[in-house]
> 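This is the structure, below, for whatever I ask next.
Below, chain A is the first sequence line, B the second, and so on; all start at residue 1.
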Amino acid sequence: MAYWLFKTEPDVFSIDDLRTRKNKTEHWDGVRNYQARNFMRDEIKLGDLVLIYHSNARPPGIAGVAEVIKEAYPDHTQFDKKSKYFDPKSTKDKPRWFMVDIRFKEKFKSYISLDELKNFPQLKEMLILRKGNRLSITPVDKKHFEFIKKHGNLSKSSI
DNA sequence: GCCAACGTTGGC
DNA sequence: GCCAACGTTGGC
């Protein structure tokens with residue numbers, strides 16, 4: 001089993017949106033970056049766990065955990081002319097973009113802001129903390145995932 | 001809103 | 001295949 005971090009803008013789609021979706025499930029469409037696409041298509045497996053990161057938020061940070069419940073399949077929005085994710089160069093025979101489905105697992109009792117993440121020496125190797133990292137999907141080390149999950153489930157008053 | 005740090009596109 | 005121009009991301 002592997003661990004990942006997915007970025008999302010909470011104004012567009014937040015962890016609460018995921019939690020309140022039917023079956024607490026959503027397909028992760030709209031990824032239009034080849035490196036992120038390759039992670040989804042080739043490496044993200046059923047049962048993998050995903051940190052949900054709120055970007056362009058105040059403050060940005062990690063909000064909780066989701067689980068992969070369906071492996072890569074073609075992202076339908078690439079064929080939809082009305083979608084902002086429409087890709088005229090993609091064909092149904094050879095789809096260019098893929099998505100996975102995830103299900104809400106938990107929302108952290110204490111949201112972990114980017115500032116806090118930066119202050120943990122244990123996390124300094126995390127890809128998300130590297131300068132200029134814009135990848136919307138990144139692999140996460142097991143030790144980092146477990147540290148974050150543990151921290152996220154401390155109650156606010158104990159921090 | 002600014003802008004650094006990317007990633008992509010397209011002319012050559 | 002190079003690289004300038006352009007577009008996007010995302011923290012601040």
> What is the distance from CG of A:D11 to C1' of C:dT9, rounded to the nearest Å?
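For the pair A:D11 CG and C:dT9 C1', the rounded distance is 15 Å.
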> Quickly, which of A:V100, A:N23, A:T25 forms a side-chain contact (heavy atoms from CB on, under 4.5 Å) with A:I69? Name it, please.
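Only one of A:V100, A:N23, A:T25 forms a side-chain contact (heavy atoms from CB on, under 4.5 Å) with A:I69, namely A:T25.
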> Of the nucleotides B:dC6, C:dG11, B:dG10, which one has an atom closest to the side chain of A:P60?
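When the side chain of A:P60 is considered, C:dG11 is the closest of B:dC6, C:dG11, B:dG10.
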> Between A:R37 and A:D75, is there a side-chain N and carboxylate O pair less than 4.0 Å apart?
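Looking at A:D75 together with A:R37, the answer is no, because their closest N to O distance does not fall below 4.0 Å.
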> For the pair made of CZ in A:R58 and P in B:dG1, what is the distance, rounded to whole Å?
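A:R58 atom CZ is separated from B:dG1 atom P by 13 Å.
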> A:R32 has an atom CZ; how far is it from atom P of C:dG7, in whole Å?
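One finds 19 Å between P of C:dG7 and CZ of A:R32, rounded.
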> Separation of A:L117 atom CG from C:dC12 atom C1', in whole Å?
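Spelled out: CG on A:L117 to C1' on C:dC12 is 16 Å.
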> Examine C:dC12: is either OP1 or OP2 under 4.0 Å from a nitrogen or oxygen in the side chain of A:K118? Give yes or no.
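Yes, such a contact exists.
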> Write down the distance between CG (A:N133) and C1' (C:dC12), rounded to a whole number of angstrom.
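Rounded to the whole Å, the gap is 17 Å.
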> Output yes when at least one side-chain N/O atom of A:Y53 is less than 4.0 Å from OP1 or OP2 of C:dG11, else no.
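For C:dG11, OP1/OP2 do have a side-chain N/O of A:Y53 under 4.0 Å.
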> If I take atom CG in residue A:L127 and atom C1' in nucleotide B:dC6, what distance separates them, rounded to the nearest angstrom?
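Roughly 15 Å, once rounded to whole Å.
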> Go through the side-chain N and O atoms of A:R134 and A:S55 and say whether any donor and acceptor fall under 3.5 Å apart.
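Short answer, no.
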> Counting N and O atoms only, with roles assigned by atom type, does the side chain of A:D80 sit under 3.5 Å from a partner on the main chain of A:T77, one being a donor and the other an acceptor?
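Side chain of A:D80 to backbone of A:T77, a donor-acceptor pair under 3.5 Å: no, none is there.
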> Hey, would you say the A:Y73 and A:W97 ring centroids sit under 6.0 Å apart?
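Ring-ring flag for A:Y73/A:W97: false, centres at least 6.0 Å apart.
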> C:dT9 P sits how many Å from A:F6 CZ, rounded?
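In whole Å, C:dT9 P lies 17 Å from A:F6 CZ.
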> Go through C:dC12, B:dG7, B:dG10 for me and flag the one nearest to the A:Q35 side chain.
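Within the option list, the nearest is B:dG7.
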> From C-beta outward on A:R134, which listed nucleotide comes closest to its side chain: B:dG10, C:dG11, C:dT8?
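Comparing B:dG10, C:dG11, C:dT8 against the side chain of A:R134, the answer is C:dT8.
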> Could you tell me the separation between the CD atom of A:E9 and the C1' atom of C:dC12, rounded to a whole number of Å?
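Taking CD of A:E9 and C1' of C:dC12, I get 15 Å after rounding.
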> Would you kindly compare A:G132 and A:K89 by the position of their nearest DNA chain B nucleotide and give the one closer to the 5′ end?
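Its nucleotide being nearer the 5' end, the pick is A:G132.
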> Which of these nucleotides, B:dA5, C:dG11, B:dG7, is closest to any side-chain atom of A:K131?
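Per side-chain heavy atoms of A:K131, the pick is B:dA5.
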> Counting side-chain heavy atoms from C-beta on, which of B:dG10, B:dT8, C:dG10 comes nearest to A:Y34?
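Taking heavy atoms from C-beta onward, the closest nucleotide is B:dT8.
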